[in-house]
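Worksheet: the structure to be examined is printed underneath.
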Amino acid sequence: MARRAVIIGAGITGSLVAWRLARAGWNVTVVEARHVGAGSSSRTAAGIRQQFSTPETVLGMRFAVDFYRRFREEVGGDTVPIVQNGYLFLYALQEDWDAAKYRVQMQQACGLDDVAALEVQALVERFPWVDRHAVLGGTFCPTDGFLRPETVYNEAIAAARRLGADIVQNAPVTGVEASGGRIDAVLTPKGRFPADLVFDCTNAWSPRLAQVLGATPLPIAPRKRYLWMVERAGSMTGPELAAMPLTVSPSGAYCRPENEDSLLMGWAHDAPEEPAFTYEDQDRIEEAFFHRSGPDSYGYATWMSLAEVLPPIGEFAGITATTGGYYAVTPDHNPFLGYDPAVANLVRLVGFSGHGAMFGPFTARVAEALAEAGRDVATIDLLGHAAELETFRIGRRYGHGEKLVI
Ligand SMILES: Cc1cc2nc3c(=O)[nH]c(=O)nc-3n(C[C@H](O)[C@H](O)[C@H](O)COP(=O)(O)OP(=O)(O)OC[C@H]3O[C@@H](n4cnc5c(N)ncnc54)[C@H](O)[C@@H]3O)c2cc1C
């Protein structure tokens, strides 16, 4: 009889893991507290980049970009979920620019051949909307870009269903039956689901779910993040806007096209840890961040910070929307991908620190390897390279944190 996997949470992580395990022959049940995409996966900027400071993540995101390009053939559906406009990081301080150029060498050594460090002349020739006096240079990778997240989770769930997976919505996990340090069954108001292997794919909810599962408490802080939509004006044409890469200013404010008429912006800001946030809190907009609060709001500060390096954007018509959602932040901004030390048949795939949409295919690949092995593994093969998994292990030391966090 096929082994039974119960996957808790149906965001990008849970849906891709469900598809991957169903394809590998597991008998898969997904239990989701609300509905598919009820969490951060429907509230994300969905950037995907291979430009990271951690070599394993560069490799993992190369795998993810390749997977998302082949998504229709592998998973199904009509839409390619990745828009490869590239990612452009801009730098204004010599120290930061030197470090960025050094990182590019590391990324190239990890096989990311198309990333380049552009000195200011080459940069403004390629991207004339960058103010040459505001930056020293930038790193650009044309195969980076952003995702259509709803395509990812909806198509992955549909594909998992076609492979026989059972998707149970409105089924919050409220308890478990456990014996001998293992979970025998997962309990929800919609029924009892026996399991050989359980996957925690609840990201920002994971600290709370851990208590229900009797799992190890992991240092994951749910923190609010906002996005704003800005309406285009005549300073850029629609096609020019639609072709823009996801651009990160020296301040860390970032933007990317949503379509020919709208620019999406974000900026990491201080946010308290909210361990008990509710589903409704995801869409609660604090006054200081709400664009209708006027020019003193954080949305306007983000817009103006981008305008300092991207002058045509400063001439756009105005902010039209503010949205929110939760990051699940870990001490080193790397996720936890591994077996729980306290529960022998529980795999935690959580703590994505603002990177979970792009991590999805890599996470699912790791999940499959862990399921096959029945224990943590040191490396997995990705694109012909051995990717080290120590960076993502539960219980690791937090010495080598990811430096490129936005
Ligand atoms: C503003 C913002 C910008 C972002 N930008 C990017 C970006 O540019 N690139 C990127 O890669 N990532 C980005 N992220 C992060 C990314 O969205 C997340 O890391 C990713 O969506 C996590 O997916 P997930 O499936 O792991 O979790 P989620 O999508 O949050 O799904 C978790 C699911 O678990 C369910 N659940 C919770 N508790 C239970 C329970 N007890 N029982 C059953 N089900 C339960 C929830 O209902 C939810 O559906 C951003 C996030 C935000 C908020």
Side-chain angles (χ1 to χ4, degrees), residues 43-49 51 83-93 96-97 100 116 118-142 144-148 225-269 285-325 406:
R43 294 170 169 80
T44 172
I48 175 163
R49 59 181 156 101
Q51 297 180 68
V83 181
Q84 290 183 286
N85 278 14
Y87 238 84
L88 176 64
F89 281 93
L90 297 171
Y91 295 94
L93 297 176
D96 294 344
W97 179 221
L118 303 175
E119 298 292 342
V120 73
Q121 183 60 31
L123 177 73
V124 296
E125 275 170 20
R126 181 145 190 184
F127 304 109
W129 30 263
V130 176
D131 180 354
R132 63 175 307 127
H133 304 295
V135 297
L136 295 172
T139 66
F140 179 62
C141 180
D144 291 347
F146 49 91
L147 300 165
R148 300 294 182 206
R225 289 284 180 264
Y226 292 97
L227 298 172
W228 297 271
M229 216 59 95
V230 191
E231 190 179 323
R232 185 181 61 78
S235 52
M236 246 190 203
T237 66
E240 275 169 350
L241 173 57
M244 257 187 92
L246 193 153
T247 304
V248 188
S249 79
S251 70
Y254 65 90
C255 62
R256 66 149 170 94
E258 178 66 6
N259 53 47
E260 288 206 349
D261 294 311
S262 297
L263 181 83
L264 179 151
M265 321 182 292
W267 198 6
H269 46 82
I285 312 291
E286 300 281 352
E287 212 179 317
F289 294 90
F290 194 29
H291 67 283
R292 292 219 182 107
S293 304
D296 290 336
S297 73
Y298 200 84
Y300 276 80
T302 305
W303 186 15
M304 290 309 114
S305 185
L306 286 166
E308 282 173 17
V309 283
L310 313 173
I313 283 176
E315 293 167 39
F316 275 18
I319 307 181
T320 56
T322 309
T323 65
I406 58 170

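What's counted below: heavy atoms across the whole structure, side chains too, no hydrogens, waters or symmetry copies. Predicted model, so just to flag it, every value in this text is computed and none were measured.
Listed by chain and number, the residues in a ring-ring contact (aromatic ring centres under 6.0 Å, His included) with Phe127 are Trp129, Phe140 (sequence neighbours excluded). In this structure, Arg292 has no side chain to side chain donor-acceptor pair (under 3.5 Å) partners at least two apart in sequence or on a different chain. Qualifying ring-ring contact (aromatic ring centres under 6.0 Å, His included) partners for Tyr87, counting only residues two or more places apart in sequence or in other chains: Phe89. Not counting sequence neighbours, the partners of Glu258 by the salt bridge (Lys or Arg N to Asp or Glu O under 4.0 Å) test are Arg256.
In this structure a side-chain-to-backbone donor-acceptor pair under 3.5 Å is present from Trp303 to Ile313. At least one donor-acceptor pair under 3.5 Å links the side chain of Arg232 to the backbone N or O of Glu260. Distance alone, capped at 3.5 Å, is enough to place a donor-acceptor pair between the Tyr226 side chain and the Glu286 backbone. Ser235 places a side-chain N or O within donor-acceptor distance of the main-chain N or O of Pro312, the cut-off being under 3.5 Å. In terms of modelled atom types and a separation under 3.5 Å, the side chain of Asn85 and the main chain of Met244 share a donor-acceptor contact. Put simply, the side chain of Ser262 never gets that close to the backbone of Met229: no donor and acceptor are under 3.5 Å apart.
Here OG1 of Thr247 is found 6.0 Å from CG of Leu310. Values are rounded to the nearest 0.5 Å. Rounding to the nearest 0.5 Å gives a distance of 13.0 Å between CZ of Arg225 and OG1 of Thr323. Between the CG atom in Leu263 and the CZ atom in Phe316 there is a gap of 5.5 Å [rounded to 0.5 Å]. Atom CG in Leu306 sits 10.0 Å away from atom CH2 in Trp228 (nearest 0.5 Å). The OH atom of Tyr300 sits 9.0 Å away from the CE atom of Met265 when rounded to the nearest 0.5 Å. Rounded to the nearest 0.5 angstrom, Leu227 CG and Thr44 OG1 are separated by 7.5 Å.
There is no side-chain donor-acceptor pair under 3.5 Å between His291 and Ser297. A side-chain donor from one of Thr139 and Gln51 sits under 3.5 Å from a side-chain acceptor of the other.
Heavy atoms only, all atoms of each residue included: Ala92 and Ala134 are closest at CB-O, 3.5 Å. A pairwise comparison of heavy atoms in Ala242 and Pro257 identifies O-CG, 3.7 Å as the closest pair. What you find for Ser249 and Val309 is that their closest heavy atoms are CB-CG2, 3.7 Å. Across every non-hydrogen atom of Gly314 and Ala307, the tightest pair is CA-CB, 3.5 Å. The heavy-atom pair separating Asp261 from Leu241 by the smallest distance is C-CD2, 4.0 Å. In terms of heavy atoms, Val135 sits closest to Val120 at O-CG2, 3.7 Å.
Among residues at least two apart or in separate chains, there is no salt bridge (Lys or Arg N to Asp or Glu O under 4.0 Å) pair with a member in residues 121-140. Judged as a ring-ring contact (aromatic ring centres under 6.0 Å, His included), the pairs with a partner in residues 229-268 (not counting sequence neighbours) are, in order, Trp267-Tyr298.
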Could you give me the CA-CA distance, side-chain angles and deciding distance for Leu123 and Leu88, then say whether side-chain contact (heavy atoms from CB on, under 4.5 Å) is met?
CA-CA 10 Å; Leu123 177 73; Leu88 176 64; 3.7 Å; yes

If you apply the rule side-chain contact (heavy atoms from CB on, under 4.5 Å), what do you find for Ile48 with Asp144, and how did you get there?
CA-CA 6 Å; Ile48 175 163; Asp144 291 347; 6.0 Å; no

